[in-house]
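Every chain is numbered from 1 and lettered A, B, ... according to where its sequence line falls, protein lines coming before strand lines.
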Amino acid sequence: MAKRRYWLMKSEPGTYSIQDLEREGSTMWEGVRNYQARNLMRDECQVGDLVLFYHSSAKPSGVAGLARVSTAPYPDPTQFEVKGPYHDPTSDPNDPRWILVDVEHVETFPEVVPLTALKAEPALADMLVVQKGQRLSVMPVDKDHFKRVCRLAGAKTKIR
DNA sequence: GCCAACGTTGGC
DNA sequence: GCCAACGTTGGC
């Protein structure tokens, strides 16, 4: 089986937006508290993998730009920040439960590609993010779907 | 704000 | 192991 190379990661722009990532250059993808999403970051993400940066609960919700996985997986430090929003008192420091990767900014799209546009595209009918009830905050994306979204966005980045 | 979908928890 | 209750996500 070929390694996965393409991802979609969701963030509420009020919490962390593509503009925040552009300003900072890179960030820890912190606060993921879902086992399936964690397993993908822990077991599947590789340095260099490309990421669709998705704005959720936004106006409009949609793909706002591109990022790239920039580190190997490591424990999410926010799980041990007692006063932080992502504290997990049941996580053992000697065997941390929550794992993350860093992502770096690649490109901010001129305009968000709204979810409605993804749903309107027949070639994207099988894409996970357009499926009903799909709540994973980190999800794999087929290369063909990734390229299609980049084309819809008028992306500068070329996908080989 | 509503609510459908889905994950987690905990009683049994 | 079942499943009801509850919490969260996220589109609308």
Side-chain angles (χ1 to χ4, degrees), chain A residues 4 6-24 27-45 49-69 73-103 105-142 144-146 148-155:
Chain A
R4 293 205 179 95
Y6 301 94
W7 306 96
L8 180 145
M9 297 189 184
K10 294 178 183 173
S11 181
E12 297 192 13
T15 303
Y16 197 87
S17 69
I18 188 77
Q19 287 76 22
D20 293 325
L21 183 61
E22 179 164 13
R23 186 177 333 109
E24 295 180 5
T27 189
M28 296 189 298
W29 204 256
E30 66 191 37
V32 172
R33 296 293 179 267
N34 168 283
Y35 288 105
Q36 215 179 331
R38 176 206 66 181
N39 292 349
L40 290 170
M41 287 198 288
R42 184 188 63 189
D43 303 334
E44 306 281 351
C45 284
D49 289 357
L50 286 170
V51 177
L52 297 174
F53 193 115
Y54 183 90
H55 283 175
S56 61
S57 299
K59 294 179 187 175
S61 294
V63 181
L66 299 180
R68 186 187 293 112
V69 175
Y74 64 98
D76 181 346
T78 67
Q79 69 196 297
F80 304 120
E81 293 173 0
V82 175
K83 291 183 177 172
Y86 301 125
H87 183 226
D88 182 353
T90 67
S91 182
D92 177 358
N94 296 312
D95 184 19
R97 172 172 301 155
W98 303 112
I99 303 295
L100 55 65
V101 296
D102 286 9
V103 300
H105 184 264
V106 172
E107 174 177 353
T108 301
F109 292 154
E111 294 182 31
V112 171
V113 180
L115 180 59
T116 51
L118 303 181
K119 287 181 171 174
E121 189 71 15
L124 300 178
D126 294 333
M127 195 179 179
L128 279 178
V129 75
V130 309
Q131 307 305 315
K132 191 162 83 169
Q134 180 51 68
R135 302 183 310 175
L136 264 189
S137 60
V138 176
M139 60 175 74
V141 177
D142 289 350
D144 287 347
H145 292 161
F146 199 99
R148 178 74 57 158
V149 173
C150 287
R151 194 187 322 161
L152 287 175

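At a threshold of 4.0 Å, the pair Arg33(A)-Asp76(A) counts as salt-bridged, since one of the basic side-chain nitrogens sits closer than that to a carboxylate oxygen.
With rounding to whole Å, Leu128(A) atom CG is found 19 Å from dT9(C) atom P. As rounded to whole Å, 19 Å separates atom P of dA4(B) from atom CD of Gln134(A). Taking atom CZ on Arg38(A) and atom P on dG7(B), their separation rounds to 15 Å, with Å as the unit. Atom NZ in Lys59(A) sits roughly 11 Å away from atom C1' in dC12(C) (whole-Å rounding). When rounded to the nearest whole Å, the span between CG of Leu136(A) and P of dT8(C) equals 17 Å. Taking atom CG on Asn34(A) and atom P on dC6(B), their separation rounds to 13 Å, with Å as the unit. Atom-to-atom, OH of Tyr86(A) to P of dT9(C) comes out at 9 Å; the value is rounded to the nearest Å. Distance CG (Asp88(A)) to P (dG7(C)): 17 Å, rounded to an integer number of Å.
You'll find the ring centres of Phe80(A) and Trp98(A) outside the 6.0 Å limit.
Between Lys119(A) and dC12(C), a side-chain N or O to OP1/OP2 separation shorter than 4.0 Å is present. One finds a side-chain N or O of Lys10(A) lying less than 4.0 angstrom from the OP1 or OP2 phosphate oxygen of dG10(C). A close approach under 4.0 Å does occur between a side-chain nitrogen or oxygen of Tyr54(A) and OP1 or OP2 of dG11(C).
Each of dG7(B), dG10(C), dC12(C) was ranked by its minimum atom distance to the side chain of Leu115(A); first place goes to dC12(C).
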**Report entry** Pair Arg97(A)-Asp92(A), salt bridge (Lys or Arg N to Asp or Glu O under 4.0 Å): steps then yes or no
**Finding:** CA-CA 7 Å; Arg97(A) 172 172 301 155; Asp92(A) 177 358; over 6 Å; no
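The base of dT8(C) is paired with the side chain of Arg135(A) by a donor and an acceptor separated by under 3.5 Å.
Of the listed residues (Val51(A), Asp102(A), Leu50(A)), just one forms a side-chain contact (heavy atoms from CB on, under 4.5 Å) with Val69(A), and that residue is Val51(A).
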